[in-house]
Amino acid sequence: MRRLTPYLLALPSWMWLAIFLVVPMVAMASVSLQTGNAIDGFAMTFSVSNYSDAIGRYSTQLVRSLLYGGLATVAMLVIGYPVAYWIAFKGGSRKSVYLFLLLLPFFVSFVLRTISWNFLLSDNGILFGTLKDWGLLPADFHVLATTFAVVGGLTYNFLPFMILPIYVALERVDPRVVEAAQDLYATRAAAFRRVVLPLSLPGVFAGVLMTFVPATADPINAAILGGTSNTMIGNIIQTAYLTNLDYPTASALSFTLMAVLLVGIFVYARALGTENVLEAAAR
């Protein structure tokens with residue numbers, strides 16, 4: 001019985017994953033190979049052409065989503081790493097306060113936060129409208145419905161998911177190790193590059209995964225901040241499912257996006273060096 005105890009304890013989580021992950025994935029894979037319509041119904045025809053048709057029709061949105069997700073992830077890393085570093089090494093007794101302030105926006109709905117950016121960045125809103133009235137900006141200046149607006153919205157909404165894993169990794173770094181490097185005549189830059197950065201790689205690895213995947217598939221920021229010329233693949237999938245009721249195309253696009261993201265994650269893990277990440281995490 002003792003041998004079975006670990007498996008029995010893990011059984012609820014495995015059942016949860018099976019019911020709410022495996023079963024929906026299998027069902028979606030089945031739908032992606034069907035043909036038909038919402039009125040006459042769908043039939044299994046093993047139509048692989050659903051994938052080629054969907055990719056051919058929406059390749060622009062797919063590439064745009066990967067580009068926007070990548071740009072937002074890089075922006076989050078550039079902004080988030082210094083913030084996590086400062087909280088971990090300079091936060092002192094107020095670390096909990098800074099982390100609470102970091103998570104405070106999450107007490108508001110994701111959609112409401114994005115709409116607030118729409119209000120703030122509107123052409124004649126409180127920010128740009130005032131600057132235009134003062135003559136500091138031209139009358140035709142706008143930010144909404146641009147790449148910058150979408151990437152900025154993604155960066156803002158997912159930034160904590162980048163900061164928190166990096167903070168956790170940096171929090172585990174023993175300050176005495178950094179002091180030892182400096183005692184051995186390493187400059188602060190060298191100590192950071194040779195000691196702190198390698199030890200923080202697990203946090204960077206986790207942060208990129210936690211931000212790139214949802215940012216690439218997000219439909220909210222593109223719909224609210226981007227306009228029709230910045231449609232992402234998430235918007236296409238949402239429209240196909242909920243408006244057009246074209247379930248095979250939506251399912252095929254979902255699996256295509258998932259496959260592309262998995263390949264991207266694998267390449268990223270190989271480039272970063274999974275062995276180095278695991279070694280740093282084990283220290």
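Of the inter-residue distances, the one linking Leu136 atom CG with Leu131 atom CG reads 5.5 Å to the nearest 0.5 angstrom. Note: Leu159 CG to Thr73 OG1 = 11.0 Å, rounded to the nearest 0.5 Å. Rounding to the nearest 0.5 Å places CG of Leu21 at 11.5 Å from CD1 of Ile19. One finds the CG atom of Leu71 at 10.0 Å from the CE atom of Met76 (value rounded to the nearest 0.5 Å). Within the model, atoms CZ of Phe205 and CG of Leu201 stand 10.5 Å from one another, a figure rounded to the nearest 0.5 Å. Distance check: Asn230 CG to Asn235 CG gives 10.0 Å after rounding to the nearest 0.5 Å.
A heavy-atom distance below 4.5 Å is found between the side chains of Leu77 and Ile166. In this structure, Ser200 and Leu197 have side chains that are in contact, with non-hydrogen atoms separated by less than 4.5 Å. Within the 4.5 Å cutoff, side-chain heavy atoms of Tyr241 are placed close to those of Ser254. Under the 4.5 Å side-chain criterion, counting only non-hydrogen atoms from C-beta, Val83 is not in contact with Met162. For the pair Val150 and Met232, the minimum side-chain heavy-atom distance is below 4.5 Å. Side-chain contact between Val111 and Ile115 is present, with heavy atoms from C-beta onward closer than 4.5 Å.
Through chains of ILVMFWY side-chain contacts below 4.5 Å, Val263 is grouped with Val267. Cluster partners of Ile39: none. The rule joins Ile, Leu, Val, Met, Phe, Trp and Tyr whenever side-chain heavy atoms lie under 4.5 Å apart, and it links nothing here. Think of Tyr7 as one node in a network of Ile, Leu, Val, Met, Phe, Trp and Tyr side chains linked at under 4.5 Å; it has no links at all.
Listed for the Thr114 side chain is a donor-acceptor partner under 3.5 Å among the backbone atoms of Phe110. Checked by atom type and distance alone, the side chain of Asp174 pairs as donor or acceptor with a backbone atom of Arg176 at under 3.5 Å. Side chain of Ser13 to backbone of Ala10: a donor-acceptor contact under 3.5 angstrom is found.
Around atom CG of Leu245, more than 12 heavy atoms belonging to other residues, nucleotides or ligands sit under 6.0 Å away.
Under the salt bridge (charged side-chain N to carboxylate O under 4.0 Å, His left out) criterion, no residue pair touches residues 130-148, with sequence neighbours excluded. Listed by first then second residue, pairs satisfying ring pair (Phe, Tyr, Trp, His ring centres under 6.0 Å) with a partner in residues 10-45 read Trp16-Phe20, Phe42-Tyr247, not counting sequence neighbours.
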Without placing hydrogens or testing angles, list every side-chain donor-acceptor pair under 3.5 Å for residues 207-227, not counting sequence neighbours.
{"unit_1": "Thr211", "atom_1": "OG1", "unit_2": "Gly207", "atom_2": "O", "d": "2.8"}
{"unit_1": "Thr211", "atom_1": "OG1", "unit_2": "Val208", "atom_2": "O", "d": "3.3"}
{"unit_1": "Thr216", "atom_1": "OG1", "unit_2": "Phe212", "atom_2": "O", "d": "2.7"}
{"unit_1": "Asp218", "atom_1": "OD2", "unit_2": "Ile220", "atom_2": "N", "d": "3.4"}
{"unit_1": "Asp218", "atom_1": "OD2", "unit_2": "Asn221", "atom_2": "N", "d": "3.0"}
{"unit_1": "Asp218", "atom_1": "OD2", "unit_2": "Asn221", "atom_2": "ND2", "d": "2.7"}
{"unit_1": "Asn221", "atom_1": "OD1", "unit_2": "Asn157", "atom_2": "ND2", "d": "3.0"}

Side-chain donor-acceptor distances from residues 55-65 under 3.5 Å, at least two apart:
{"unit_1": "Arg64", "atom_1": "NH1", "unit_2": "Thr231", "atom_2": "O", "d": "2.7"}
{"unit_1": "Ser65", "atom_1": "OG", "unit_2": "Gln61", "atom_2": "O", "d": "2.8"}
{"unit_1": "Ser65", "atom_1": "OG", "unit_2": "Ile233", "atom_2": "N", "d": "2.7"}

Let me check something: any side-chain donor-acceptor pairs from residues 23-33 under 3.5 Å, sequence neighbours excluded? List them with distances.
{"unit_1": "Ser30", "atom_1": "OG", "unit_2": "Gln34", "atom_2": "NE2", "d": "3.3"}
{"unit_1": "Ser32", "atom_1": "OG", "unit_2": "Ala29", "atom_2": "O", "d": "2.7"}
{"unit_1": "Ser32", "atom_1": "OG", "unit_2": "Tyr51", "atom_2": "OH", "d": "2.7"}

Do any side-chain atoms of residues 85-108 form donor-acceptor pairs under 3.5 angstrom with protein atoms, and if so which ones, sequence neighbours left out?
{"unit_1": "Lys95", "atom_1": "NZ", "unit_2": "Ala88", "atom_2": "O", "d": "2.9"}
{"unit_1": "Lys95", "atom_1": "NZ", "unit_2": "Glu171", "atom_2": "OE1", "d": "3.0"}
{"unit_1": "Lys95", "atom_1": "NZ", "unit_2": "Glu171", "atom_2": "OE2", "d": "3.3"}

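Both Leu127 and Val151 belong to a common hydrophobic cluster when Ile, Leu, Val, Met, Phe, Trp and Tyr are linked at side-chain heavy-atom distances under 4.5 angstrom. Cluster annotation: Leu66 is not connected to Val74 through the hydrophobic network of ILVMFWY side chains, with a link wherever side-chain heavy atoms come within less than 4.5 Å. Met258 and Ile236 fall within the same hydrophobic cluster, where Ile, Leu, Val, Met, Phe, Trp and Tyr residues are linked whenever their side-chain heavy atoms come under 4.5 Å apart, directly or through other members. Val78 is not connected to Leu67 by any chain of hydrophobic side-chain contacts under 4.5 Å among Ile, Leu, Val, Met, Phe, Trp and Tyr, and they are in different clusters. By the rule that hydrophobic residues join a cluster once side-chain heavy atoms approach within less than 4.5 Å of another member, Leu262 and Val260 end up as members of one cluster.
Shown here for Thr249 and Asp246, the closest heavy-atom pair between the two residues is OG1-OD2, 2.8 Å. In plain terms, the two heavy atoms of Asn50 and Pro248 that are nearest each other are ND2-CB, 3.7 Å. Taking all atoms of both residues into account, the shortest heavy-atom contact from Gly203 to Ala169 is N-CB, 3.7 Å.
For the salt bridge (charged side-chain N to carboxylate O under 4.0 Å, His left out) test, no residue two or more places apart in sequence or in another chain qualifies with Asp53. Remark: Leu11 pairs with Met15 by the side-chain contact (heavy atoms from CB on, under 4.5 Å) rule, at least two apart or across chains. Remark: Tyr68 engages no residue in a ring-ring contact (aromatic ring centres under 6.0 Å, His included) (not counting sequence neighbours).
Side-chain contact of Thr45 with Ser47: a donor-acceptor pair under 3.5 Å is absent, judged by distance alone.
Between Tyr81 and Phe192, the angle of the ring planes goes over 60°, which puts this pair in the perpendicular group of the 30/60° scheme.
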